[in-house]
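Encoded as structure tokens, the structure appears first; notes follow it.
Whatever order the structure lists ligands and atoms in, that order sets their numbers, starting from 1. Hydrogens, waters and symmetry mates play no part in the numbers below; they use all other heavy atoms, side chains included. Owing to the predicted nature of the structure, the values given are computational and were not obtained by experimental measurement.
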Amino acid sequence: MTQRILVTGGAGYIGSTTCVALLEAGYEIVVVDNLANSSRTSLDRVLELAPGNLSFHEVDIRDADGLNAVFESAPIDAVIHFAGFKAVGESVAIPLAYYDTNVVGTINLLQVMQQNEVRNLVFSSSATVYGDPEQLPIPESAPLSAANPYGRTKLMIEDMLRDIAVSDPSWTIALLRYFNPVGAHPSGRIGEDPSGIPNNLMPFIMQVAVGRRKELVVFGNDYPTRDGTCIRDYIHVMDLAEGHLAALRALAEIGGCTAINLGTGTGSTVFEVFEAARRTVGHDIAMRVGERRPGDASACFADSSLAARLLDWRATRTIDEMCIDAWRWQSMNPNGYS
Ligand code: NAD
Ligand code: WQD
């Protein structure tokens, strides 16, 4: 029987890519998004890439009546919850907005789910919950901590979801801890469209390459790593999307509330990503080394064995494929969706 999945934040970067994968796999989808950090165009393009059954509701997840109306309009089998704010620096500047959207929004969603007897959830968590990791690769059992308000919202939501699953065993919840999602759909039609100055490395490099920014500043080359720059576990957004499908399929079998890393299991340095991007775009990209960015861990990469075991899922795409797809998206859409 066809399953209907409610996707909060489905117009965003990871959400839209996952919507394509869901439609291609034959799911029906109901997207809830208030377009705070996205555009309707992404969903038009999702349907162009994967014609299927997708309905869109411009609703804020903090609006209980609005959400309830969506649940009452069609039976929902499971929820993938992407909606939220995600910029670390901004969360330090406007913490209340982060607690409101991420934490209050999630509480509201969970209450509406409970009222409508929907208890299957895949949640967008983040490797940020590991803080400055002591152990590499990082297993799901590593100590959790948060270095900023954004990270604290993810940690609070994780704690809340663990409590709910203990209180009522009919909940099945996957906490997917993403490492560093990059790249785009290989069509170049949907991808990451950060508003303002990008915080993240890959969109910044691509915006310099396309002429929108002057130069990349590498935040420090005096870390104890192979070339002095920080190591991260970059994961192609297409692999991530497939990880969500794998989690949906495995939810019932796993049961309870389970945290699962979605990463490749290996890390790349900032210089390695930069070199891969330069090879891809085929011309020089302006770059200089600057000061360290406060709060950056020197290395962070996943132990990805639990995902392989529980979800039968592994990331397969290389750093070159990540750069090629990020560049196709950036060069075909130099100003994003606008
Ligand atoms: P995104 O900003 O592109 O997508 C989030 C979507 O949520 C947007 O479409 C936005 O309009 C929507 N939204 C925000 N507030 C809302 C509200 N109150 N009601 C309804 N919709 C709302 O971000 P993304 O990169 O696709 O991230 C998706 C999720 O994954 C987020 O929860 C983020 O914290 C998490 N995550 C992202 C990364 C990353 O590096 N991109 C890493 C780890 C975890
Ligand atoms: C990667 C590396 C920087 C920009 C963040 C969040 C995390 C998660 C993913 C949501 C670092 C360096 C970057 C630049 C640089 N998001 N860099 N110059 O910090 O690993 O993770 O996004 O959950 O919570 O913290 O990713 O892309 O910002 O940085 O040198 O202009 O690139 O120092 O080493 P990060 P990032």
Could you check ligand 2 for N or O atoms lying under 3.5 Å from protein N or O atoms and list the pairs with distances?
residue  : atom   : partner : partner atom : Å
ligand 2 : 18 (N) : Val217  : O            : 2.8
ligand 2 : 19 (O) : Arg293  : NH2          : 2.8
ligand 2 : 20 (O) : Asn180  : ND2          : 3.0
ligand 2 : 20 (O) : Arg232  : NE           : 2.5
ligand 2 : 22 (O) : Asn200  : ND2          : 3.0
ligand 2 : 23 (O) : Ser126  : OG           : 2.7
ligand 2 : 23 (O) : Tyr150  : OH           : 2.6
ligand 2 : 26 (O) : Asn180  : ND2          : 3.1
ligand 2 : 27 (O) : Asn200  : ND2          : 3.2
ligand 2 : 27 (O) : Leu201  : N            : 2.8
ligand 2 : 28 (O) : Asn199  : O            : 3.3
ligand 2 : 28 (O) : Asn200  : ND2          : 3.3
ligand 2 : 28 (O) : Arg293  : NH1          : 3.3
ligand 2 : 28 (O) : Arg293  : NH2          : 2.9
ligand 2 : 29 (O) : Arg293  : NH2          : 3.4
ligand 2 : 30 (O) : Phe219  : N            : 2.8
ligand 2 : 33 (O) : Asp296  : OD2          : 2.6

Worksheet, complete the sentence: One finds that the ligand 1 atoms under 4.0 Å from a non-hydrogen atom of Leu35 are 11 (O)
Worksheet item: In terms of ring plane angle, is the pair Phe85 and Tyr98 parallel, tilted or perpendicular, where the classes change at 30° and 60°?
Response: tilted
What do you reckon, does [X] have a nitrogen or oxygen under 3.5 Å from a nitrogen or oxygen of ligand 1?
X      : value
Val32  : no
Asp60  : yes
Ala36  : yes
Glu192 : no

Worksheet, complete the sentence: At under 4.0 Å between heavy atoms, what of Asn180 touches ligand 1? The answer is neither
In the protein, which heavy atom is nearest to [atom], and how far is it?
atom                    : answer
atom 26 (O) of ligand 1 : Ile14 N, 2.8 Å
atom 33 (C) of ligand 1 : Tyr150 OH, 3.7 Å
atom 13 (N) of ligand 1 : Asn34 OD1, 3.5 Å
atom 6 (C) of ligand 1  : Gly9 CA, 3.6 Å
atom 15 (N) of ligand 1 : Thr101 CG2, 3.6 Å
atom 12 (C) of ligand 1 : Asp33 OD1, 3.3 Å
atom 38 (C) of ligand 1 : Pro181 CG, 3.9 Å

Worksheet entry | CG/Asn335: more than 12 non-hydrogen atoms of other groups inside 6.0 Å | yes
Worksheet item: Would Arg45 and Glu48 count as a salt bridge (Lys or Arg N to Asp or Glu O under 4.0 Å) if you check the C-alpha gap in whole Å, the side-chain angles of each, and the deciding distance to 0.1 Å?
Response: CA-CA 5 Å; Arg45 295 189 182 180; Glu48 172 197 298; 5.3 Å; no
Discussion item. Using the ring pair (Phe, Tyr, Trp, His ring centres under 6.0 Å) criterion, which residues pair with Phe301? Sequence neighbours excluded.
Written reply: none
